[in-house]
There are 2 protein chains.
Amino acid sequence: VILVVSLNPALDVTHHVDGVDWAGVNRPGQVRAAPGGKGLNVARTLHARGAEVMLVGLAGGIAGAAIRSGLRASGVAARLTEIEACTRRTFAVVDTRRGEVAMFNEPGPEVTSGEYSRFLAAYKEALTACTTVVLSGSLPGGLASDTYAGLIRIAASGGVPAILDTSGDALRRGRGGQPARVQPNHAARAQAVGRDGAWSSPPDRSAVLGHAAELRNRGALAVVVSMAADGLLAVTADGTWHAAAPPVDGNPTGAGDAVVAALAQGLTGGWSWPERLREAAALGSATAAAPGAGEFLDEDLARARVGVQVTDLEHALCPSFR
Amino acid sequence: VILVVSLNPALDVTHHVDGVDWAGVNRPGQVRAAPGGKGLNVARTLHARGAEVMLVGLAGGIAGAAIRSGLRASGVAARLTEIEACTRRTFAVVDTRRGEVAMFNEPGPEVTSGEYSRFLAAYKEALTACTTVVLSGSLPGGLASDTYAGLIRIAASGGVPAILDTSGDALRRGRGGQPARVQPNHAARAQAVGRDGAWSSPPDRSAVLGHAAELRNRGALAVVVSMAADGLLAVTADGTWHAAAPPVDGNPTGAGDAVVAALAQGLTGGWSWPERLREAAALGSATAAAPGAGEFLDEDLARARVGVQVTDLEHALCPSFR
């Protein structure tokens with residue numbers, strides 16, 4: 001069983017409106033609402049792929065109730081610790097006429113120490129049945145920035161390797177716990193090493209490699225950097241690889257979480273790094289190709305698997321990758 | 001116990017943003033989310049006033065789960081029949097810098113005949129313990145426009161009087177059931193008699209009286225027309241009255257539902273029409289005076305009670321009211 005930790009889930013609501021009246025009444029033609037946040041996306045992708053998955057985390061208030069209900073409907077096993085404060089929502093208004101998207105991101109809840117203690121008990125109990133733990137997304141208010149480090153330490157003491165996908169302080173401090181894998185996403189990576197967060201486009205791969213090495217020096221056993229359409233870069237004890245799928249048009253939302261899901265399956269299954277990266281890049285690409293956030297079609301995945309190029313950068317012929 | 005029927009509740013979410021970026025990411029400074037729809041407002045107001053209330057209706061999907069959770073937290077006794085389709089949400093984005101409000105109203109769910117049958121069983125069971133029934137708000141998809149007429153007939157056969165507060169076809173056809181009271185709101189009233197829905201401002205009271213009489217001819221025992229700041233007009237078998245509170249600044253959302261709540265208490269308690277109208281106008285005014293939708297302060301209510309003018313239009317000295 002893969003254990004997914006989501007401490008700050010969200011209820012994601014999207015309205016499609018053909019020409020928004022920003023000072024009047026709108027009747028959205030299309031409405032989507034689903035439990036979201038990076039951890040929930042990872043758990044749902046794993047569940048859709050037939051992997052055994054258990055979700056733990058924090059949820060409260062009426063948005064928390066909505067998330068619990070949505071998870072029940074999707075069949076993802078979840079044990080969310082109840083909190084007093086209300087779980088956050090995100091609200092996206094897609095103006096299909098103007099081609100604009102307005103996002104409204106509510107602040108996350110404040111978590112009390114008593115609530116976090118109850119979560120910790122549930123986390124420890126769930127860990128006993130799990131082979132891998134994935135820690136995804138931001139931290140809600142009230143939790144220390146080294147929270148992930150503590151959770152990774154607890155997992156490690158039980159022999160369970162961890163994949164961390166977060167950003168900012170939560171990533172910087174999260175690595176103190178000697179995680180088995182750090183999986184910073186595109187925008188997060190530069191923050192984690194305390195440098196200017198802006199990427200050149202396409203990113204400078206030698207700079208990425210340097211930063212990934214720095215993350216490893218700070219305690220990560222392996223670093224996988226997701227560079228959106230420019231693929232994945234993995235710096236590990238076994239070697240350094242680049243994996244990229246052919247470019248696709250679609251909706252990149254959730255593609256990074258699909259990458260994490262595939263990496264978790266590869267870690268659980270004992271796949272080699274090139275195998276993990278091929279599947280992760282393919283699943284990320286198939287997810288980006290589907291119109292719905294976090295969805296993918298089996299045919300897109302099959303096509304992407306064939307198209308992925310995995311390059312061993314330590315033995316590459318192309319010097320630009322060195 | 002006052003039974004409140006809400007067949008098409010909503011989850012109402014409001015974001016306050018200081019200067020909205022309609023093509024970017026916004027972080028609302030203030031977020032409100034609560035179960036809404038007219039019936040839920042009535043039930044909550046009755047509960048806040050210490051009246052015994054039971055809510056029945058339909059709710060489904062993740063918004064339905066959020067509504068159930070919010071009702072539990074508010075302490076309102078509710079028995080909502082589960083439906084497959086998702087209960088609607090409303091999203092209000094208040095731009096505090098520009099003074100504009102954008103509303104996003106999701107379409108209501110489609111209700112199946114099996115689901116409505118299950119609701120009917122719950123309704124009939126709840127009726128046995130109730131003295132008054134309030135039917136509030138719009139009908140969701142899949143229900144016939146004479147749905148309220150049927151529910152009013154069932155209540156009448158058990159000796160339970162009904163107050164109906166709805167609009168459009170649901171009101172026009174709802175009256176076929178010989179309701180004890182029809183309480184069309186301001187905008188709804190003119191629609192109900194098949195005329196142009198637009199009010200002159202201030203409304204022409206003799207025209208309102210004529211329309212109310214027409215509604216009574218079609219089966220309503222009494223008609224109370226809520227004219228916002230212009231007060232209430234009641235046409236009943238006992239007489240015709242006008243009641244108005246002094247004007248207030250605030251948030252008129254939910255004031256009409258507060259009027260209905262007070263009328264239901266008056267009907268249950270056997271108050272005279274002037275007593276009912278005084279309390280209804282006062283509670284509506286106190287609700288309009290409070291900043292939060294559907295909230296009121298006891299001190300505002302006490303002040304409004306003193307300020308309400310109730311005029312007997314059949315014996316009025318002022319001929320303009322005749």
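Numbered from 1 within each chain, the chains take letters A, B, ... in sequence-line order.
Annotation for Glu100(A): atom CD counts as buried by contact number, over 12 foreign heavy atoms lying within 6.0 Å. Heavy-atom contacts from other residues, nucleotides or ligands closer than 6.0 Å to CZ of Arg98(A) number more than 12. Shown here is Glu84(B), whose CD atom has no more than 12 heavy atoms of other residues, nucleotides or ligands within 6.0 Å. Other residues, nucleotides and ligands place more than 12 heavy atoms under 6.0 Å from the CD atom of Glu82(B).
Taking chain B as the reference chain and counting heavy-atom pairs below 4.5 Å, the highest number among Arg27(A), Arg68(A), Met103(A) is found for Met103(A). Heavy-atom pairs under 4.5 Å with chain B peak, among Ala34(A), Cys86(A), Pro35(A), Ala102(A), at Ala102(A). When Ile62(B), Val101(B), Val17(B) are compared by the number of non-hydrogen pairs under 4.5 Å with chain A, Ile62(B) comes out ahead. With respect to chain A, the highest number of heavy-atom pairs below 4.5 Å among Gly29(B), Ala33(B), Ala63(B) belongs to Ala33(B).
At a 4.5 Å heavy-atom cutoff, the contact between Val31(A) and chain B is made by side-chain atoms alone. In this structure, no portion of Ala92(A) lies under 4.5 Å from any heavy atom of chain B. Of the two parts of Asp21(B), only the backbone, made up of N, CA, C and O, holds a non-hydrogen atom closer than 4.5 Å to a non-hydrogen atom of chain A. Using a 4.5 Å cut-off between heavy atoms, Leu11(A) touches chain B through its side chain atoms alone. For Arg89(A), the part lying near chain B is the side chain, with the backbone staying farther off; criterion is any non-hydrogen pair under 4.5 Å. Neither the backbone nor the side chain of Ala73(A) comes within contact range of chain B; no heavy atoms are under 4.5 Å apart.
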task = Please test Asp95(B) against Trp22(A) for side-chain contact (heavy atoms from CB on, under 4.5 Å), starting from the C-alpha separation and ending with a verdict.
result = CA-CA 9 Å; Asp95(B) 189 327; Trp22(A) 291 119; over 6 Å; no

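When all heavy atoms of Ser69(B) and Ala65(A) are compared, the closest pair comes out as CB-CB, 3.3 Å.
Using bins of under 30°, 30° to 60° and over 60° for the plane-to-plane angle, the ring pair Phe104(B)/His15(A) lands in the tilted bin.
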